[in-house]
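The structure appears right after this line, and notes come after that.
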2 protein chains.
Amino acid sequence: MTAPQTEKAVESLAPDLATIRAAHERIRAHIHRTPVFTSETLDAMTSAHLFFKCENLQKTGSFKFRGATNAIFSLTEEEARRGVVTVSSGNHAGAISLAARRRGIPAWIVMPRNAPRAKRVAVESYGGQVTECEYDIASRDAVCKTVQEKTGAILIHPYNNARVIAGQGTAALELLEDVPDLDIVVAPVSGGGLLSGTAISSKSLRPSIRVVGAEPKNADDAYRSFAAGKIKPAAKTETIADGLRAVLCPLTFSILRQHVDEIALASEEEIIATMRLLWERLKLIVEPSGAVSAAIVLHNKIAARGKRIGIILSGGNLDLDQIPFSRPAK
Amino acid sequence: MTAPQTEKAVESLAPDLATIRAAHERIRAHIHRTPVFTSETLDAMTSAHLFFKCENLQKTGSFKFRGATNAIFSLTEEEARRGVVTVSSGNHAGAISLAARRRGIPAWIVMPRNAPRAKRVAVESYGGQVTECEYDIASRDAVCKTVQEKTGAILIHPYNNARVIAGQGTAALELLEDVPDLDIVVAPVSGGGLLSGTAISSKSLRPSIRVVGAEPKNADDAYRSFAAGKIKPAAKTETIADGLRAVLCPLTFSILRQHVDEIALASEEEIIATMRLLWERLKLIVEPSGAVSAAIVLHNKIAARGKRIGIILSGGNLDLDQIPFSRPAK
């Protein structure tokens, strides 16, 4: 799904703060302005001040609804009539489905057979039309192309799309409106759409802020790419954080290299322990991928002491009969 | 712990709206003003408009912090110096512990040995000093009396206390400030403190409102007492809603008879299914006792169609390794 792009072409695509503000105006009536939660207990545990931006409470249960809504409501009438198509095993799929329904257009979703059940059910409940593919990228792209050719639908890529990135950037825009004096902002990184949008918003509004990407150690392509100075795959992608297995694209990598200070890694155990802690202390359902940004702070992967840290909890969708820390009740 | 009371003495103890407003002023700086959540999906499922008052997001994870804070901050300096004592297996214990710490006084908590682990850990983390007792009421009262005699501490009963009831009534006060045009308000009923406070606030602010108590079918003392016109025990108290096993006292029964329109019952299966649905759809951790008020609406125990219904989600504390609908992850 990614066409080759020159560095210059890529840079020209990156949204700026004005674009993100325009996206916010466009989507404002459709999205939730999500709350920012705090916890005295978690502050005490970290000797820091933590501000959790609750995108698990966003419509469709994740930040993805921001980018999907911006992309779909940016289409011309003529484009919109063709409908939209995307490839996603998860939250982007649900987000596209609901945003398309809100615009009154069809959405075709190409989804791997092994996608989490809860996410597939969500897509269908929002009216998305699922076509299954195999897990490998070749199969996904082939099935997606077939659907496109058959329907004429417009592809909305989950992150290699400036309008999607601009939409994702509105979460940090709101966060910094609510808590302007942050020292650090942390967002999870997968394909890099959320982290790109977060980085552009945050550095534009507050140049002194430190922007950190959080990634599972078991799906560390962004970390490796940062170290190598070019896009690298992860060594493996076996992580409970099923939303964080994608790989950066030239557009997001270019933005991250320019605006992100650091990528930090969390182990599977740290992700699960953090997820449980957030459930217990914030009383919020956060999915594994959504807990990774908190995990790097709570497990001391960055210098947090005394800092005011914005943490984007990116989503709250998971199969509740497969909770990694629960035994069946007696 | 309950002294015999005449009907007249009991009535004179019941707080009125002015008392509840005064309680709100007293505790405002100490509590969270909890948010009200809505869900298009749950509205569609019930053909009603549901407004969830999120007391699971209250400090200490339950509404109990309101009543505990009002009672403890109402003590004179001389009384406060003696410290406070209570008997509770759960959320009242945590609430008293933190409220006492905030006032800078000791709290002794008499707690049955079989209390949920998470609730005991919470009490200790807030500085409460736990003395164990057996599960039966005689043991609880005897141990409580011993602690009182030894320490001189003031007893703060979980619900047979007008200041506690006034504090609990502040949740509905806030709810009706945020959503004034409710047709129905639903609160769980155990000893009756929350439902009493809710009923007084709601009927005073909006006389046309219907006030409904929600109770587990497996701990139906309030339902039976309503039917009999006098306080009756439940047939049994084997319910997953561990916070709802207490029995009404003369004070709360008197208030409920005057202001509550109906008590509705939810089965164990309905409570568990509702809890799961709230987790999935609201992305909120709600404990079994906290889900009972939603269960009677979602399982059609009251006439809900077309109504605007306030639902108090009373708490979010439970052992996360004992989730009734989860299998261990593969």
Side-chain angles (χ1 to χ4, degrees), chain A residues 32-41 44-45 54-62 98 101-102 116-119 121-122 125-126 240 242 268 272-273 275-288 290 313-330, chain B residues 32-41 44-45 54-62 98 101-102 116-119 121-122 125-126 240 242 268 272-273 275-288 290 313-330:
Chain A
H32 287 313
R33 183 175 182 115
T34 53
V36 175
F37 277 34
T38 58
S39 161
E40 290 172 20
T41 306
M45 285 176 64
C54 296
E55 287 298 298
N56 58 329
L57 301 177
Q58 187 52 264
K59 286 185 183 175
T60 73
S62 104
L98 184 61
R101 171 186 277 184
R102 288 285 159 89
R117 191 193 58 83
K119 290 182 179 176
V121 168
S125 78
Y126 300 133
I240 191 172
D242 59 275
E268 297 299 291
I272 292 170
M275 188 170 94
R276 181 177 176 144
L277 193 65
L278 297 173
W279 289 29
E280 277 181 351
R281 289 297 167 172
L282 299 184
K283 307 301 176 194
L284 288 177
I285 300 279
V286 181
E287 65 182 86
L313 300 178
S314 54
N317 297 318
L318 76 164
D319 283 354
L320 286 179
D321 46 15
Q322 291 271 311
I323 298 168
F325 45 73
S326 185
R327 305 187 300 271
K330 280 172 286 197
Chain B
H32 287 312
R33 184 176 181 114
T34 53
V36 176
F37 276 34
T38 58
S39 161
E40 291 173 19
T41 305
M45 284 174 64
C54 297
E55 287 299 296
N56 58 328
L57 301 176
Q58 187 51 265
K59 286 186 184 173
T60 72
S62 102
L98 184 61
R101 171 187 276 181
R102 288 286 159 86
R117 190 193 58 82
K119 291 181 178 177
V121 168
S125 78
Y126 300 132
I240 191 172
D242 59 276
E268 298 299 290
I272 292 170
M275 186 169 97
R276 180 176 178 147
L277 192 65
L278 297 173
W279 289 29
E280 277 182 350
R281 289 295 165 172
L282 299 184
K283 307 302 176 194
L284 288 177
I285 301 279
V286 181
E287 64 182 88
L313 300 177
S314 55
N317 297 318
L318 75 166
D319 282 355
L320 286 178
D321 47 13
Q322 290 270 311
I323 297 167
F325 45 74
S326 187
R327 306 186 298 271
K330 279 172 289 198

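In this text the structure is predicted, and so the values were computed from the model without any measurement. Naming convention: chains lettered A, B, ... in sequence-line order (proteins, then strands); numbering from 1 in each chain.
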Using a 4.5 angstrom heavy-atom cutoff, name the option from B:Glu280, B:Lys59, B:His32, B:Arg281 with the most pairs to chain A.
B:Glu280
Between A:Glu287 and chain B, with a heavy-atom cut-off of 4.5 Å, which part of the residue counts as in contact: side chain, backbone, both or neither?
neither
Measure distances from A:Ile240 to the heavy atoms of chain B and classify the residue's part below 4.5 Å as side chain, backbone, both or neither.
neither
Under the side-chain contact (heavy atoms from CB on, under 4.5 Å) rule, collect the residues that match up with A:Arg101, sequence neighbours excluded.
A:Leu98
What verdict does the side chain to side chain contact (heavy atoms under 4.5 Å, CB included) test give for A:Trp279 and A:Leu284, after you've listed the backbone C-alpha separation in whole Å, the side-chain angles of each residue and the deciding distance to 0.1 Å?
CA-CA 5 Å; A:Trp279 289 29; A:Leu284 288 177; over 6 Å; no
Taking it one step at a time, do B:Leu320 and A:Ile323 satisfy side chain to side chain contact (heavy atoms under 4.5 Å, CB included)?
CA-CA 9 Å; B:Leu320 286 178; A:Ile323 298 168; over 6 Å; no
side-chain contact (heavy atoms from CB on, under 4.5 Å) with B:Lys283: of A:Val286, A:Asn317, A:Leu313, only one passes, and it is A:Asn317
